[in-house]
S.K.: 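Got a structure for you, questions after.
No hydrogens, no waters, no symmetry mates; every other heavy atom, side chains included, goes into these values. By convention in this document, chain letters (A, B, ...) are assigned in the order of the sequence lines, proteins followed by strands, and residues within each chain are numbered from 1.
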Amino acid sequence: MENLPDLRVSLGRIHLRNPVLVASGTFGYGEEYKDFVDPGELGGIITKAVTLKPRKGNPPPRLAETPAGLLNSIGLENPGVEVFLKEKLPHLKRLKTRIIVNIAGEKKTEYLYLAEKLGKGGGIDALEVNISCPNVEKRGLIFGTRADLAFSLVKGLKQATDLPLIVKLTPNVTDITEIAQAAEEAGAEALSLINTILGMAIDVNTRRPKLGAITGGLSGPAIRPVAVRMVRQTFQKVNLPLIGMGGIMSAEDALEFILAGATAVAVGTANFVDPAVSLKIVEGLRQYLRKMRINYFHHLIGDLRT
Amino acid sequence: MENLPDLRVSLGRIHLRNPVLVASGTFGYGEEYKDFVDPGELGGIITKAVTLKPRKGNPPPRLAETPAGLLNSIGLENPGVEVFLKEKLPHLKRLKTRIIVNIAGEKKTEYLYLAEKLGKGGGIDALEVNISCPNVEKRGLIFGTRADLAFSLVKGLKQATDLPLIVKLTPNVTDITEIAQAAEEAGAEALSLINTILGMAIDVNTRRPKLGAITGGLSGPAIRPVAVRMVRQTFQKVNLPLIGMGGIMSAEDALEFILAGATAVAVGTANFVDPAVSLKIVEGLRQYLRKMRINYFHHLIGDLRT
Amino acid sequence: MEGTGSMYQVKATVLFNEKAGKAHYRMKLEVSQIAKDARPGQFVHIRCSSGDDPLLRRPFSIHKCAQGRIDILYQVVGRGTAILSKKRRGDQLDLLGPLGKGFEIDSAFSKIFIISGGMGVAPLYMVAQEITRLGQGKEVTVLLGAKNKELILDKDDLESLGLRVMIATEDGSEGYQGLVSDLFERLISSQTSLSLAVYSCGPVSMLKKIAELSSHQGFFCQVSLEQRMGCGLGACLGCVIRGTSGYLRVCKEGPVFDAQEILWDDPGLEIK
Amino acid sequence: MEGTGSMYQVKATVLFNEKAGKAHYRMKLEVSQIAKDARPGQFVHIRCSSGDDPLLRRPFSIHKCAQGRIDILYQVVGRGTAILSKKRRGDQLDLLGPLGKGFEIDSAFSKIFIISGGMGVAPLYMVAQEITRLGQGKEVTVLLGAKNKELILDKDDLESLGLRVMIATEDGSEGYQGLVSDLFERLISSQTSLSLAVYSCGPVSMLKKIAELSSHQGFFCQVSLEQRMGCGLGACLGCVIRGTSGYLRVCKEGPVFDAQEILWDDPGLEIK
Ligand SMILES: Cc1cc2nc3c(=O)[nH]c(=O)nc-3n(C[C@H](O)[C@H](O)[C@H](O)COP(=O)(O)OP(=O)(O)OC[C@H]3O[C@@H](n4cnc5c(N)ncnc54)[C@H](O)[C@@H]3O)c2cc1C
Ligand SMILES: Cc1cc2nc3c(=O)[nH]c(=O)nc-3n(C[C@H](O)[C@H](O)[C@H](O)COP(=O)(O)OP(=O)(O)OC[C@H]3O[C@@H](n4cnc5c(N)ncnc54)[C@H](O)[C@@H]3O)c2cc1C
Ligand SMILES: Cc1cc2nc3c(=O)[nH]c(=O)nc-3n(C[C@H](O)[C@H](O)[C@H](O)COP(=O)(O)O)c2cc1C
Ligand SMILES: Cc1cc2nc3c(=O)[nH]c(=O)nc-3n(C[C@H](O)[C@H](O)[C@H](O)COP(=O)(O)O)c2cc1C
Ligand code: FES
Ligand code: FES
């Protein structure tokens with residue numbers, strides 16, 4: 001008999017050994033966790049955001065803990081695409097896993113240049129398009145909060161590169177399925193959801209915000225019920241494979257997303273709590289399949305009984 | 001010297017002994033907590049939602065715990081306005097505190113009838129208009145997610161009653177300040193924010209949703225950073241007094257909302273954890289003022305140093 | 001109706017907390033106000049952690065009650081009960097109680113069955129005790145059911161009340177082999193039901209079976225049910241189950257219900 | 001650079017956890033892999049709770065290190081440290097370490113000041129130990145500052161290394177009355193700086209003062225800094241402070257920095 005249970009899944013053209021990825025911004029460019037995780041055992045790595053120009057990021061403090069959650073305001077600090085291609089990608093390429101590069105920009109043209117450059121880099125399996133950034137051309141409107149902006153961005157990217165495009169949706173919207181549908185129509189290969197929820201915390205003794213940037217993005221177990229709900233809603237409306245994320249700490253949490261309709265999951269904040277958690281989740285999924293006597297992981301996708 | 005520190009605040013025409021209310025749906029109609037809380041020590045009570053017709057509510061299970069949060073799908077179970085006026089209001093009137101009645105409906109006319117009836121009831125200090133309900137006339141659109149619907153609803157209510165109108169906003173929107181501004185223009189006296197965030201949880205062993213109604217509203221400490229952020233954003237855009245709520249467990253939590261711009265706070269889920277928590281928060285605010293040598297509570301409102 | 005008195009919030013001191021089986025524990029708490037008023041079938045709502053993990057309280061039946069103290073008998077099934085199981089003598093716990101409506105124990109009944117499945121014995125010990133106290137020539141039988149004999153709890157304690165205790169185990173490791181509801185059915189098959197009262201607690205499938213017998217044969221039958229709880233005080237409407245007359249709050253109209261009040265086919269009765 | 005070796009995730013066993021002052025504790029942990037490689041100034045990242053309250057790990061300097069064991073010296077300031085303080089002998093903790101870049105201890109310096117404010121002594125004891133080990137006729141002075149004499153930690157331990165220890169208390173209850181940075185300024189006022197090295201840890205205001213002296217007088221000066229941390233591994237970019245060359249990660253470029261690398265006026269240096 002073959003290697004059962006079979007954990008393989010596909011996100012369109014991207015074939016994964018197993019459905020467990022690490023989420024953008026929480027695993028660096030793959031080097032920092034080398035003592036704890038063999039990336040070859042993961043479905044893949046989603047890198048920290050890459051932008052066209054280097055970005056210094058936001059003033060500290062950049063983190064604040066909240067109940068079962070974490071606020072961050074890193075502000076997309078990264079060395080820019082040139083340095084990424086020269087210094088980070090060579091290392092990433094050597095890892096025996098799928099490499100998904102998260103890209104971000106403030107203008108449509110930035111995204112397009114980025115996609116073109118990265119498309120030529122080689123060794124990249126897909127781009128994850130972070131559309132949660134404020135659009136400087138549209139006076140701070142977030143690409144990801146308007147279906148028309150999201151559509152035109154993804155459509156443009158489709159022309160700029162052959163790499164599979166995974167569009168990463170923001171939860172800070174009235175109806176996430178609208179944006180999801182726009183991305184689907186524009187040619188996205190898969191969708192990632194959710195990015196962080198905008199939040200804020202205050203130190204009542206100093207009467208100052210706990211973050212240097214005042215507001216930040218909320219991640220961690222606190223947001224899981226919201227993320228699972230959004231995955232379910234999106235699963236019911238679009239035909240694209242989904243990468244579910246938001247507060248996954250264990251295989252059980254990952255399974256909530258899978259049953260809700262995700263094809264794969266990404267582990268974010270949990271990496272800070274336990275650097276080896278992603279591998280433990282792969283193993284936990286395997287055990288669950290065995291216990292449930294299910295041979296093929298993909299049979300679980302969307303298998304919620306209502 | 002007078003009674004210092006002075007905790008009194010005003011929500012437009014509604015004058016409160018102190019800024020601590022209990023949130024709709026978490027304190028019944030004021031009777032259930034009689035062994036633990038003297039309502040006379042609170043700023044006021046916001047009742048469980050009242051609808052025109054009796055409502056049976058949603059199928060069980062109606063609650064599911066999540067990390068630092070609670071999902072509920074009560075479904076506005078209530079005996080309807082007739083029974084409310086006959087059986088609940090007489091008791092409420094005897095409590096020496098402000099009575100704010102939360103109202104909900106599926107059509108604009110339902111809200112208007114309700115407001116009229118309650119306006120005649122006497123002994124009610126204000127209505128809290130829950131605009132998080134699906135609008136059956138607009139094919140399930142939520143009143144609270146569209147500025148135009150919110151405006152027309154509040155405008156109509158303004159004509160139907162002289163009672164001060166507190167509009168309760170839903171966080172499940174792209175930009176809460178848009179709805180807040182619409183409510184302000186339509187004549188709201190104050191705003192309550194936030195209602196619960198739509199969420200969902202799955203039992204991975206049975207592969208069923210944990211709630212009978214599949215999705216529910218997330219409350220509790222998990223959502224506090226989101227609520228504080230929304231209060232801040234709204235404070236910067238509208239001139240109405242705000243009632244802040246969402247995960248308040250302690251005086252410190254309450255102060256986050258006040259510093260962000262809320263005039264008063266409402267305590268919800270925390271009542272389940274500690275039925276006397278609302279009184280402890282009043283006392284904690286008093287101690288904070290003493291420690292900080294601030295005589296007037298209202299000086300703290302919006303006093304965030306950025 | 002039993003238990004409409006005052007409710008208290010108290011800091012209770014743990015007197016002991018000891019293993020009573022594989023994943024079972026008995027905890028004795030010093031808590032005079034609650035103990036004073038507690039009736040069989042009522043429960044306490046316990047805050048297991050001072051932080052927010054877990055956030056909500058956990059409900060437990062009052063298992064025993066005497067001299068200002070109560071016992072709870074509980075099984076570790078998740079995070080809240082795991083934390084409870086680590087408490088030691090001298091630790092303090094925040095309790096609400098006594099809550100809910102207990103069993104109606106009426107001296108009119110001359111023949112009584114107390115039927116427990118698994119952990120169901122928790123609220124039933126006090127029923128047995130109360131009935132013994134009422135005394136005078138009743139015929140009382142306690143049926144204890146479980147998967148196997150290791151999971152039979154409280155047999156000795158019940159026997160020392162002077163009651164007849166019969167065991168049913170699914171694997172036959174002690175007593176009748178099979179379900180306790182089947183044992184019960186056999187025992188009452190040939191009996192008249194008018195003076196018969198049944199008090200029961202256990203898995204929904206078992207209670208449902210007993211409820212059906214009660215509705216066919218017309219005997220008085222009360223059951224203690226469970227549901228996820230928020231406030232525990234009747235305020236949040238979170239803990240309902242489906243009754244014949246509409247939704248019923250387990251924390252207020254229950255946890256003890258007449259078997260006939262319940263819609264036994266509702267899937268919402270199964271918590272997990 | 002010190003400490004670029006392997007990092008480990010280990011289950012460490014608590015050997016003891018005892019009070020060392022009003023809100024201060026010493027904890028000894030059995031953790032051979034980490035102890036093997038640890039350098040003065042490095043830290044461990046400890047998971048205080050197996051649940052999510054609190055969610056993140058907490059960073060603590062390695063205070064002592066010998067024979068497969070490390071000590072941490074910590075103060076209870078919030079939920080994480082409160083939970084730590086309740087651990088007992090035999091409990092297990094999940095640790096990452098050794099993390100970060102430690103102090104550069106160079107035998108070229110003949111005159112050395114080790115300056116601690118409050119809890120700052122935590123990473124400095126190992127510095128003192130290492131310098132003593134390097135031996136040969138150095139002039140080493142340890143300055144310990146605190147609000148009052150009850151808050152002076154480790155004086156005896158440092159003296160038994162054979163070092164000169166001087167105390168500064170703000171209330172004058174022991175030693176010099178005033179700030180430890182002022183004491184230091186007096187002591188070096190008339191001295192040449194070329195062969196002088198300073199290792200310091202404590203409140204930002206104190207370190208800033210020492211950094212200014214170092215930049216005026218040109219002596220070698222390293223400080224250990226703090227910032228809220230996520231991963232502790234350099235991946236999340238959450239723990240930065242502002243350096244002259246841009247943002248620096250406390251967990252990776254630090255926690256030990258050359259005083260001249262830091263922009264001391266940045267408000268982001270103050271954590272609370
Ligand atoms: C009135 C009443 C009396 C009870 N008496 C006892 C008793 O005497 N001994 C005993 O061992 N157990 C009793 N239970 C069940 C007990 O409350 C649960 O086992 C406990 O809440 C589980 O908490 P957990 O954190 O360990 O489990 P988790 O599964 O982690 O809990 C998750 C959530 O589900 C709820 N939950 C899980 N199981 C149950 C359940 N069976 N009933 C209600 N809510 C549940 C929890 O309260 C919590 O909100 C009683 C329940 C009720 C309603
Ligand atoms: C490299 C490094 C070494 C440290 N070494 C020691 C030591 O040896 N002894 C000791 O007592 N303390 C040390 N600290 C500080 C210690 O990490 C904090 O006191 C601790 O994290 C507080 O956690 P809490 O949950 O008790 O407090 P809370 O205030 O509840 O924590 C809330 C959040 O703020 C963070 N935080 C709070 N204070 C600090 C702080 N001073 N530095 C960094 N993050 C903070 C926490 O990690 C947490 O994320 C060190 C900090 C760093 C960065
Ligand atoms: C410190 C940090 C940095 C992040 N950086 C990025 C980023 O650069 N690009 C991006 O698309 N998402 C970023 N995210 C969002 C995560 O990828 C993920 O969507 C989110 O954290 C929810 O998952 P979690 O709850 O498992 O962390 C970041 C999250 C954190 C906590
Ligand atoms: C069980 C439950 C029932 C609720 N019922 C109502 C309601 O009837 N009307 C309403 O406007 N909000 C209702 N809410 C929302 C609360 O009033 C409050 O806005 C929300 O729970 C956030 O506050 P919290 O985190 O302090 O609970 C309910 C919340 C809970 C938990
Ligand atoms: S638990 Fe709130 S009504 Fe029963
Ligand atoms: S804590 Fe993540 S980079 Fe330092």
S.K.: Measuring heavy-atom distances to chain C, does Pro67(B) have an atom under 4.5 Å in its side chain, in its backbone, in both, or in neither?
M.R.: neither
S.K.: In Å, rounded to the nearest 0.5 Å, how long is the span from SG of Cys236(C) to CG of Leu63(B)?
M.R.: 5.5 Å
S.K.: Quick check for you: to the nearest 0.5 Å, what is the distance between Phe36(B) atom CZ and Met7(C) atom CE?
M.R.: 4.5 Å
S.K.: Can you confirm whether Leu56(C) sits close enough to Phe272(B) that some side-chain heavy atom of one is under 4.5 Å from a side-chain heavy atom of the other?
M.R.: yes
S.K.: Go through the atoms of Ser73(B) and report whether side chain, backbone, both or neither lie under 4.5 Å from a heavy atom of chain C.
M.R.: neither
S.K.: Count the heavy atoms belonging to other residues, nucleotides or ligands that lie under 6.0 Å from CD of Glu252(B), then report whether that count exceeds 12.
M.R.: no
S.K.: Measure Pro54(C) against the heavy atoms of chain B and call it side chain, backbone, both or neither at under 4.5 Å.
M.R.: both
S.K.: So, do Pro59(B) and Asp266(C) sit near enough that their side-chain heavy atoms are less than 4.5 Å apart?
M.R.: no
S.K.: Take atom NZ of Lys36(C) as the centre, draw a 6.0 Å sphere, and report whether it contains more than 12 heavy atoms from other residues, nucleotides or ligands.
M.R.: yes
S.K.: Check for a donor-acceptor pair, side chain of Arg62(B) on one end and backbone N or O of Val240(C) on the other, with a separation under 3.5 Å.
M.R.: no
S.K.: Measuring heavy-atom distances to chain B, does Ile241(C) have an atom under 4.5 Å in its side chain, in its backbone, in both, or in neither?
M.R.: backbone
S.K.: Is it the case that the side chain of Asp52(C) and the backbone of Ala68(B) share a donor-acceptor pair, with hydrogens and angles ignored and the cut-off at 3.5 Å?
M.R.: no
S.K.: How long is the span from the NZ atom in Lys56(B) to the OH atom in Tyr247(C), to the nearest 0.5 Å?
M.R.: 5.5 Å
S.K.: Just so I know, are the side chains of Arg57(C) and Pro275(B) near enough to count as touching, which here means a heavy-atom distance under 4.5 Å?
M.R.: yes
S.K.: Is the side chain of Glu65(B) donor-acceptor paired with the backbone N or O of Leu55(C) at a distance under 3.5 Å, no angle test?
M.R.: yes
S.K.: Using non-hydrogen atoms and a 4.5 Å limit, figure out which bit of Lys48(B) sits close to chain C: side chain, backbone, both or neither.
M.R.: side chain
S.K.: How many angstroms lie between atom CZ of Phe27(B) and atom SG of Cys231(C), to the nearest 0.5 angstrom?
M.R.: 10.5 Å
S.K.: Starting at CD of Glu32(B), measure out to CG of Leu237(C) and round the result to the nearest 0.5 Å.
M.R.: 8.0 Å
S.K.: May I have the step-by-step check of side-chain contact (heavy atoms from CB on, under 4.5 Å) for Leu233(C) and Tyr33(B), ending in yes or no?
M.R.: CA-CA 7 Å; Leu233(C) 308 172; Tyr33(B) 284 82; 3.6 Å; yes
S.K.: Can you tell me which portion of Gln227(C) sits under 4.5 Å from chain B's heavy atoms? Options are side chain, backbone, both or neither.
M.R.: side chain
S.K.: Under 4.5 Å from any heavy atom of chain C, what part of Ala276(B) do you find: side chain, backbone, both or neither?
M.R.: both
S.K.: Check whether Leu269(C) gets within reach of chain B through its side chain, its backbone, both or neither, counting any heavy atom under 4.5 Å.
M.R.: neither
S.K.: Among Asn58(B), Thr26(B), Thr269(B), which residue has the highest count of heavy-atom pairs closer than 4.5 Å to chain C?
M.R.: Asn58(B)
S.K.: Find the distance between CG (Asp274(B)) and CZ (Arg47(C)) and round it off to the nearest 0.5 Å.
M.R.: 6.0 Å
S.K.: Can you tell me if CZ on Arg208(B) sees more than 12 non-hydrogen neighbours from other groups inside 6.0 Å?
M.R.: no
S.K.: Answer with side chain, backbone, both or neither: which region of Ala64(B) has an atom nearer than 4.5 Å to a non-hydrogen atom of chain C?
M.R.: both
S.K.: Atom NZ of residue position Lys93(B) - does it have more than 12 heavy atoms of other residues, nucleotides or ligands inside 6.0 Å?
M.R.: yes
S.K.: Highest number of heavy-atom pairs under 4.5 Å with chain C: which of Gly30(B), Pro61(B), Pro60(B)?
M.R.: Pro60(B)
S.K.: Which one of Gly230(C), Gly238(C), Gly268(C), Gly234(C) has the most heavy-atom pairs closer than 4.5 Å to chain B?
M.R.: Gly238(C)
